[in-house]
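To start, the structure under review is shown below, and the notes come after it.
Here the structure is a predicted model, which means the values were calculated and not measured. Order of the sequence lines fixes the chain letters, A, B, ..., with proteins taken first and strands second; residue numbering starts at 1 for each chain.
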Number of protein chains: 4
Amino acid sequence: MAHQLENGLERRTQILDAAVVCFAKRGFHQTSMHDISAEAGISVGLIYRYFQNKDAVISAMADRHKKQINEILGQARQASGLLESLEILFTAHCGENEPQVVSAFVVDLFAEASRNMRVAELVRDVCETTMNGVTDLIAQSPEAKATNLTPREMAELIFAVNDGTLMRDVLKIGPTSEERRAQQLKVARNLWRLLFKKQNEPAYA
Amino acid sequence: MAHQLENGLERRTQILDAAVVCFAKRGFHQTSMHDISAEAGISVGLIYRYFQNKDAVISAMADRHKKQINEILGQARQASGLLESLEILFTAHCGENEPQVVSAFVVDLFAEASRNMRVAELVRDVCETTMNGVTDLIAQSPEAKATNLTPREMAELIFAVNDGTLMRDVLKIGPTSEERRAQQLKVARNLWRLLFKKQNEPAYA
Amino acid sequence: MAHQLENGLERRTQILDAAVVCFAKRGFHQTSMHDISAEAGISVGLIYRYFQNKDAVISAMADRHKKQINEILGQARQASGLLESLEILFTAHCGENEPQVVSAFVVDLFAEASRNMRVAELVRDVCETTMNGVTDLIAQSPEAKATNLTPREMAELIFAVNDGTLMRDVLKIGPTSEERRAQQLKVARNLWRLLFKKQNEPAYA
Amino acid sequence: MAHQLENGLERRTQILDAAVVCFAKRGFHQTSMHDISAEAGISVGLIYRYFQNKDAVISAMADRHKKQINEILGQARQASGLLESLEILFTAHCGENEPQVVSAFVVDLFAEASRNMRVAELVRDVCETTMNGVTDLIAQSPEAKATNLTPREMAELIFAVNDGTLMRDVLKIGPTSEERRAQQLKVARNLWRLLFKKQNEPAYA
DNA sequence: AATGAATGAGGCTTCATTCAT
DNA sequence: CATGAATGAAGCCTCATTCAT
């Protein structure tokens, strides 16, 4: 029984892993169920044992995305300083080889959210949760500069920059992905520098 | 002949007007040619007289988007101050009744850019052109604060915020669209305030 | 415009003609849309211009069946005597070469009626209309024997026999279809003889 | 071994019991093997241990139907009079709570017979056996009126009415199933009255 | 120039059947 | 004996595209 549940979860994971590859490559609605099954190395029919239909796969992907983001938020909370937290959050979508979050997929997710209520709710929830989490981190941090901005407003700026960077990432501007990521991080850091002192920077400096 | 060209242009415009409505509502790939023809009040076949195929319609949309953004950039350049310029650029996607730029469409456009080279090139071009334009505006402006940031870096931050805001806009968070727009503008202004002095603010203050 | 309507009707008729052949041969649910299109000599997609889906084809078939039966009832009403009327009604489903009503199709129609409300209503309506029609014919006819049966009861018996004969017809019992039909007619006539005098038979005989 | 055969028979019965429920509800070809397994409370695979394939289930159902009808014919033969015999036969398909014969299933069976030789033979056999049985009963009965009809012809009429009634039964005309059954029985009795004297009715009356 | 009927490939989904456990 | 995961063929339906009128 436990074995079956395990198997069920593994299959779902296997399918979602295949799906995210396809979705990132071709988008939700240009990806056929056959594409997913081929990528997963299973038959089409098997997908339907684990997901009611294609929409359910999309919703499950959105759901998994939410969980991944929440995990990353958890990691960010445990970082030793605000800037490190922000870096963890920011870097989520540009991890070395296999980014935990694939920009093309996320942009598609937002596009889908504008038409698919189920997805919209999930994405909204992600946004609110992370926004609140970061607002708290900022509020508890001694590093805020005197900018006349509330922690909430700072968080809003930070996420606007993160999301904008993510959105532009799909354009693949820049020679290599490494350079692109470095460039993106520099932009974000420029904002952080406007908002926060370095952790080890003395307050009076 | 001139008349026919006129007609041709009008037809193309009519079709693209219909297409953007459909694309924003349903996305590129869930919009059928029939949807567009119905929205335009013409027959399906007629679309093929003015566009080679559906992809050509999408490309033409991207092209038109590029022109619209360039127009807005032109307006921004003629504004009397940097902040006004930025506001013109920012407000492009949340004009009162009929926004010149519809967020759901733009997010779809970016999603499409990640798969469609022709679209990717157009969008990249838009980004570079506007980025350069704004960098110039900043460089020529006396309003920059001493932030250790180059005009380019400031422009990067500004566009990251603009795009991030656009992307989140599709989530329709906020009770009314007016309130949503007001909130979005506040976020952007918070960044501008970090970067620039008010136009009439004396330099020595 | 009239031409298009004509065409529309012709196409529908063409499709329904093909459908009834397939339905009689294989049954509603073993007939594929491809079967119908092949029989009609058109493409699958074209069927969907004239019918919303397969169920709509089935419903339309039921509807057409209803109209055909009503036509036959009309002919029966204009016959010169009760027995001739009954013969017209009875013979409807065993016309010489191309029976107006194909027994296998009708049995399927009844089977479908037990699961498909739309079809059930149509079939019920056919039954009631014809039953009422024959009841009237009997009531107005001088040929009824003194059997203590009301016209309605006679009609009920007559239709029970007609339908039972139709149902058994699908078993193809009997060497040739001609002999089968002759045999079926004999059974029906045996009932009629129990109920009615011959038209030219004097009442006192 | 005996135990296994027993088990085998029980399993087959269990499966056929489930199948007839599904078949009556949805028809042969809209019933999936999964439907049957779910109704029987067993796994899909198990059905294939007892039946070669779906067609074999259908054939077995037809076979069982034949046996049930033969049983009913046996009961009818042991009745004390012709009319009672006929009533037993007629009532078979409208037994109080769980009719021994479900009309929707039988109509489907006839529909199937028109395409499936194996089923057709079984149904033909049922028809002939019962027809012969009733012909004999009539021949041996003193209750026949002087109608100039042979026992065979009477049997034909009786079965035509029985089958016709069965076929119409699927339309569920009439408020309650009790009333419907009462009405159906009245129709059949009207025929019987035309053909036979009451059992205790003196011959000279 | 304009229509919309027609095509047919391709996508989503179901389901009979098999087979490893 | 029993399960149910797995397969893949086949069915329904949509839609980009063409073409006769």
Side-chain angles (χ1 to χ4, degrees), chain A residues 1 3-4 7-8 10-11 29-38 40-57, chain B residues 3-4 7-8 10-11 29-38 40-58, chain C residues 1 3-4 7-8 10-11 29-38 40-57, chain D residues 3-4 7-8 10-11 29-38 40-58:
Chain A
M1 226 175 319
H3 180 251
Q4 282 165 34
N7 261 338
E10 274 170 34
R11 274 279 186 235
H29 298 287
Q30 286 95 289
T31 295
S32 71
M33 293 304 268
H34 174 77
D35 289 337
I36 299 175
S37 75
I42 60 176
S43 69
V44 196
L46 193 52
I47 299 178
Y48 287 87
R49 178 168 287 277
Y50 297 95
F51 298 93
Q52 203 165 23
N53 51 33
K54 192 181 174 182
D55 255 30
V57 178
Chain B
H3 181 250
Q4 278 168 36
N7 263 339
E10 274 171 34
R11 277 283 187 227
H29 298 286
Q30 285 95 291
T31 295
S32 70
M33 294 301 267
H34 175 78
D35 288 338
I36 300 175
S37 77
I42 60 175
S43 68
V44 205
L46 194 51
I47 298 179
Y48 284 86
R49 179 167 291 277
Y50 296 96
F51 298 93
Q52 200 167 23
N53 53 32
K54 191 180 174 182
D55 257 28
V57 178
I58 296 177
Chain C
M1 225 176 318
H3 180 250
Q4 281 165 34
N7 262 338
E10 274 171 34
R11 274 279 186 237
H29 298 286
Q30 286 95 290
T31 295
S32 72
M33 293 305 267
H34 175 76
D35 290 336
I36 299 175
S37 76
I42 60 176
S43 69
V44 195
L46 193 53
I47 299 179
Y48 288 86
R49 178 169 288 276
Y50 297 96
F51 298 93
Q52 202 165 24
N53 52 34
K54 192 181 174 182
D55 255 30
V57 178
Chain D
H3 180 251
Q4 279 167 35
N7 263 339
E10 273 171 34
R11 277 281 188 229
H29 299 287
Q30 285 96 291
T31 295
S32 70
M33 294 303 266
H34 175 78
D35 288 337
I36 299 175
S37 78
I42 60 176
S43 68
V44 205
L46 195 51
I47 298 179
Y48 285 85
R49 179 167 291 277
Y50 296 96
F51 297 93
Q52 200 166 24
N53 53 32
K54 192 179 172 183
D55 257 29
V57 178
I58 295 177

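- Interatomic distance, CD1 of Ile36(B) versus CG of Leu46(B), reported as 12.5 Å (0.5 Å rounding).
- Nearest-nucleotide assignment on DNA chain E puts the 5′-proximal partner with Ile47(C), out of Ile47(C) and Asp55(A).
- Nearest-nucleotide positions on DNA chain E place Ile42(B) closer to the 5' end than the other of Ile42(B) and Gln30(D).
- Within 4.0 Å of Thr31(C), counting heavy atoms only, lie sugar-phosphate atoms of the nucleic acid but no base atom.
- Among the nucleotides dT7(E), dA16(F), dC12(F), the one closest to the side chain of Leu46(C) is dT7(E).
- Distance from the side chain of Lys54(D) is smallest to dA16(E) among dA16(E), dA6(E), dT3(E).
- Using a 4.0 Å cut-off, some side-chain N or O of Arg11(A) falls inside it from OP1 or OP2 of dA6(F).
- For Ser32(B), taking side-chain heavy atoms from C-beta onward, the closest of the listed nucleotides dA16(F), dA6(F), dT7(E) is dA16(F).
- Remark: P of dT18(F) and CE of Met33(B) are 10 Å apart, rounded to the nearest angstrom.
- Both Arg49(D) and Gly45(D) sit near DNA chain F, but only Arg49(D) has its closest nucleotide nearer the 5' end.
- Interatomic distance, Tyr48(C) OH to Ser43(C) OG, rounded to the nearest 0.5 Å: 11.0 Å.
- To the nearest 0.5 Å, the span separating NE2 on His29(D) from OG1 on Thr31(C) amounts to 10.5 Å.
- Listed candidates were dT3(E), dT17(E), dC13(F). Nearest to the side chain of Val44(D) is dT17(E).
- Remark: P of dT7(E) and NE2 of His34(C) are 13 Å apart, rounded to the nearest angstrom.
- For the atom pair Phe51(D) CZ and Arg11(D) CZ, the distance stands at 11.5 Å (nearest 0.5 Å).
- Atom-to-atom, CD1 of Ile36(A) to P of dG11(E) comes out at 12 Å; the value is rounded to the nearest Å.
- Nucleotide dA20(E): paired with dT3(F) (Watson-Crick or G-U wobble, both distances less than 3.5 Å).
- Of the listed nucleotides (dC15(F), dA6(F), dA16(E)), dA16(E) has the atom at the smallest distance from the side chain of Tyr48(D).
- Across all strands, Tyr50(D) comes closer than 4.0 Å only to sugar-phosphate atoms, never to a base (heavy-atom distances).
- The interatomic distance linking Asn53(A) (CG) with dG11(E) (C1') rounds to 13 Å, in whole Å.
- Listed for the Lys54(D) side chain is no donor-acceptor partner under 3.5 Å among the backbone atoms of Ser32(D).
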